Trainee: 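Pasting in a structure now, in structure tokens, and then I'll have a few things to ask.
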There are 2 protein chains.
Amino acid sequence: MVTVHDVARAAGVSISTVSRALTDPQRVAVATRDRVTSAARELGYRPNRAASVLRAGRSGALGLVVPDLANPYFAAIAKGAQAQARERGVGLFVVDSDEDPELETEAVSGLAPQTDGIILCSPRAVERTVEALEGRPVVLVNHHVDGLPSVVADHEAGMLRTLEHLRALGHAKVAYVGGPARSWSDSRRRAGLRAAAARLGDVELVELGPHRPQVAGGHAAADLVVATRATAVVTFNDLVAAGLVERLRVRGLDVPGDLSVVGCDDAYVAELLAPPLTTLRTDLRDSGRVAVDRLVLRPGKDDGALQGDVTLPVELVVRGSTAPPRAAAPRPAPDAP
Amino acid sequence: MVTVHDVARAAGVSISTVSRALTDPQRVAVATRDRVTSAARELGYRPNRAASVLRAGRSGALGLVVPDLANPYFAAIAKGAQAQARERGVGLFVVDSDEDPELETEAVSGLAPQTDGIILCSPRAVERTVEALEGRPVVLVNHHVDGLPSVVADHEAGMLRTLEHLRALGHAKVAYVGGPARSWSDSRRRAGLRAAAARLGDVELVELGPHRPQVAGGHAAADLVVATRATAVVTFNDLVAAGLVERLRVRGLDVPGDLSVVGCDDAYVAELLAPPLTTLRTDLRDSGRVAVDRLVLRPGKDDGALQGDVTLPVELVVRGSTAPPRAAAPRPAPDAP
DNA sequence: CCGGACGATGCGAACGTTTGCCAGATCGTC
DNA sequence: GACGATCTGGCAAACGTTCGCATCGTCCGG
């Protein structure tokens with residue numbers, strides 16, 4: 001293994017100069033720097049991360065905690081974060097908390113000592129988890145706590161756009177199938193829907209849930225939605241929408257004929273469904289990217305534009321799962337087979 | 001920060017004893033060990049990973065390299081590996097190589113020095129990547145290289161079962177839509193199909209591809225498949241199948257009426273499609289789990305059952321996308337709208 | 001021509017852990 | 001009662017890096 005000593009000897013300088021030339025180039029003379037860097041390159045020197053962490057206290061790695069890696073939503077965020085971390089030359093520990101608040105907190109306290117900062121995606125137990133950070137820098141994705149930097153999607157605007165769309169189609173009663181109880185996005189979406197309904201005046205809103213943010217959650221919700229006699233439904237995410245559509249098909253109901261369905265997130269499943277799903281899109285990879293940048297870029301030194309909260313736009317992608325309601329009143333649902 | 005020194009003082013022993021009591025419990029007397037562990041617990045001692053890596057050379061972390069985190073296939077493996085790593089008390093670096101052989105090799109050479117072992121999922125450039133390991137232990141998932149431990153699915157058996165299924169339905173001409181050129185699974189599946197076709201004798205096989213292992217690959221392949229006049233098609237994975245089905249729908253063709261479709265992997269999209277996809281299932285989380293165990297468990301010391309290659313079973317899940325071919329000869333395909 | 005200031009580099013001490021080596025204790029046995 | 005075997009635990013040296021401080025030279029203004 002080649003160390004600073006080897007490089008120092010090859011370049012004819014002391015190890016301190018090598019260290020400085022490589023970590024803080026402007027602190028050594030240009031000629032020396034060049035000698036050092038070329039010697040390092042020639043010998044194939046690669047700094048020992050452990051030693052550098054031990055001494056300097058920085059690890060050059062970030063942590064990312066997500067509730068479920070198998071959920072395309074979080075997979076996309078992880079992918080974006082991953083790519084940006086590579087770009088910035090830092091490592092990225094990804095931990096899956098399995099939607100378990102307990103595990104989430106545990107993960108963070110394990111991660112905190114060996115990372116320079118942590119990205120917390122849709123945390124399920126923010127208060128306790130933030131405690132576990134022990135003061136380590138953090139960025140919340142899809143969640144907000146006063147005083148902590150966050151990257152969020154503009155759920156309110158998305159919900160307003162959704163309701164406008166459904167109202168324009170002629171829907172007067174819209175159901176919402178909510179996600180996990182502790183989900184911040186869920187609460188924002190509910191708030192957004194309520195505000196939008198109040199603003200539009202002539203759309204009635206029925207709220208359901210909480211439901212699991214997976215396909216199974218959609219299965220469970222479908223019959224409840226039908227029973228409300230709503231002519232359109234907005235779901236917590238695309239997976240729930242998929243499960244819901246599936247169950248409706250089993251019951252012999254048509255989408256969008258009997259029920260218009262709007263998903264959230266525009267996971268790639270959305271366009272695979274039959275009919276393709278109308279959904280709200282956020283650039284998730286971008287969320288991951290931005291989150292990493294906010295931990296890597298030193299405020300003041302680098303781009304100051306990343307200060308404060310970042311709100312990413314939400315776009316309504318209209319596909320085949322929304323249409324005008326059938327006749328004036330929705331057809332009563334037939335019994336399940 | 002509480003260090004070994006603090007624990008040593010509290011327990012009334014030297015720091016060496018503390019270290020030994022915690023890392024190699026059987027080397028200290030029971031009474032001492034208890035004193036040390038309870039002191040450690042009381043003080044909330046947490047060993048400094050960097051220091052221990054620096055001195056001992058082991059990092060307590062593994063690396064996982066996947067071509068695409070957003071692909072549910074790899075997401076599932078990552079989730080399994082993740083869970084097992086947590087179980088075993090080791091960290092896990094997840095890196096997404098973006099299907100790029102270059103990035104893959106680069107990722108491994110970045111990962112190698114700071115991990116105790118690396119899991120390589122469906123590598124796209126095995127030879128160069130293995131070189132970059134610099135002798136670090138490795139487990140290949142979904143790939144095989146002589147002399148290296150691997151975890152693979154029994155693609156051959158799966159393909160035989162698939163062809164038997166299609167033949168039993170009455171299909172005489174079956175197309176295969178292949179995946180990436182450098183994919184080992186792809187080559188195994190092709191080999192498996194050929195062997196199965198030869199064995200069955202009366203099924204004609206048409207091989208297509210390479211195609212991208214995503215939805216877009218299926219789009220691209222659909223028209224080619226139709227042109228072959230095959231009555232059934234097997235695709236590299238479920239995403240490709242999804243894209244293919246989508247394109248067929250656009251062209252006005254019916255699945256399974258005009259064409260039976262079999263996917264691979266049983267990603268959760270499979271059951272969301274209309275019709276739900278007949279597909280080959282492997283327990284992907286298990287692959288991840290097993291891979292981690294093979295790096296964590298010391299051979300000889302722990303379970304020796306994990307020596308050598310591990311082949312996971314493949315199960316054919318029959319759903320709605322396969323049916324008997326229409327009439328004797330398939331209906332000629334109508335032109336695209 | 002001198003003093004002060006500043007820029008570049010070297011010296012050496014940490015960072016917290018693991019581990020080889022050795023000393024002391026304990027016990028059994030002759 | 002002494003000797004050897006066995007076991008336990010302490011000392012101190014690493015691991016490779018970073019960084020405070022010191023040193024040395026140079027340059028400029030007075």
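In what follows, chains are A, B, ... by sequence order, proteins preceding strands, each numbered from 1. Since we're looking at a predicted model, the values are computed, not measured.
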Trainee: Which distance, rounded to the nearest 0.5 Å, do you find between the CZ of A/Arg289 and the CG of A/Leu284?
Mentor: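 So the CZ of A/Arg289 and the CG of A/Leu284 are separated by 10.5 Å.
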Trainee: When you measure from every atom of DNA chain D, which of residues 30-39 of chain A have a heavy atom less than 4.0 Å away?
Mentor: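 Contacting residues: none.
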Trainee: Using 0.5 Å steps for rounding, measure from the CD atom of B/Glu134 to the CZ atom of A/Arg46.
Mentor: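 Going from CD on B/Glu134 over to CZ on A/Arg46, the span is 5.5 Å.
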Trainee: Can you measure from CG (B/Leu54) to CZ (B/Arg49) and round to the nearest 0.5 angstrom?
Mentor: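 Between atom CG of B/Leu54 and atom CZ of B/Arg49 there are 15.0 Å.
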Trainee: Measure the spacing between SG of A/Cys121 and CG of A/Asn71 and express it to the nearest 0.5 Å.
Mentor: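 Between atom SG of A/Cys121 and atom CG of A/Asn71 there are 10.5 Å.
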Trainee: Name the first nucleotide and the last nucleotide along DNA chain D (5' to 3') that come under 4.0 Å of a heavy atom in chain A.
Mentor: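 Extent of the interface on DNA chain D: D/dG16 to D/dG20.
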Trainee: Need one value for B/Val53: base, sugar-phosphate or nothing, where a base atom within 4.0 Å counts as base even if backbone is also close, heavy atoms only.
Mentor: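 No contact.
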Trainee: Quick one, give me the B/S/- string for nucleotides 15-21 of chain C, reading 5' to 3', where B means a protein heavy atom under 4.0 Å from the base and S means that only happens at the primed atoms, P, OP1 or OP2.
Mentor: BBBBBB-
Trainee: When you check the side-chain N and O atoms of A/Gln114 and A/Ser59, is any donor under 3.5 Å from an acceptor?
Mentor: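 Their side chains do not contain a donor-acceptor pair, so the 3.5 Å distance test is not met.
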Trainee: So how far is it from A/Glu104 CD to A/Thr129 OG1, rounded to the nearest 0.5 Å?
Mentor: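 If we round to the nearest 0.5 Å, A/Glu104:CD and A/Thr129:OG1 are 3.5 Å apart.
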Trainee: Could you tell me whether the side chains of A/Asp309 and A/Ser150 share a donor-acceptor contact shorter than 3.5 Å?
Mentor: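 A/Ser150 and A/Asp309 do have a side-chain donor-acceptor pair below 3.5 Å.
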Trainee: Can you establish whether the number of heavy atoms outside B/Arg212 located under 6.0 Å from its atom CZ is more than 12?
Mentor: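 Atom CZ in B/Arg212 is not packed in, count stays at 12 or less.
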Trainee: Under 4.5 Å between any side-chain heavy atoms of A/Val18 and A/Val13, yes or no?
Mentor: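 Answer yes - side chains close enough.
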Trainee: Expressed as a whole number of angstroms, how long is the span from A/Gln26:CD to C/dT9:P?
Mentor: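 After rounding, the reported distance stands at 14 Å.
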Trainee: So, using ring pair (Phe, Tyr, Trp, His ring centres under 6.0 Å) as the criterion, who are the partners of B/Tyr45 when residues are at least two apart?
Mentor: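 In terms of ring pair (Phe, Tyr, Trp, His ring centres under 6.0 Å), with neighbours along the sequence ignored, B/Tyr45 is linked to no residue.
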Trainee: Give a yes or no on this: more than 12 heavy atoms of other residues, nucleotides or ligands lie within 6.0 Å of atom CZ of A/Arg136.
Mentor: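 Yes.
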Trainee: Would you mind telling me which of A/Leu64, A/Val65, A/Val94 makes a side chain to side chain contact (heavy atoms under 4.5 Å, CB included) with A/Leu111?
Mentor: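 One option only clears the test, and that one is A/Val65.
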Trainee: At how many degrees, to 10°, do the end axes of the helix from C/dC1-D/dG30 to C/dC30-D/dG1 meet when each uses five pairs?
Mentor: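 It comes to 50° between the two terminal axes.
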Trainee: Name all pairs fulfilling the salt bridge (charged side-chain N to carboxylate O under 4.0 Å, His left out) condition that reach into residues 73-93 of chain A, sequence neighbours left out, sorted by first residue then second.
Mentor: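 As it turns out, the salt bridge (charged side-chain N to carboxylate O under 4.0 Å, His left out) pairs with a partner in residues 73-93 of chain A, which skip direct neighbours, are A/Lys79-B/Asp68, A/Lys79-B/Asp96, A/Lys79-B/Asp98, A/Arg88-A/Asp293.
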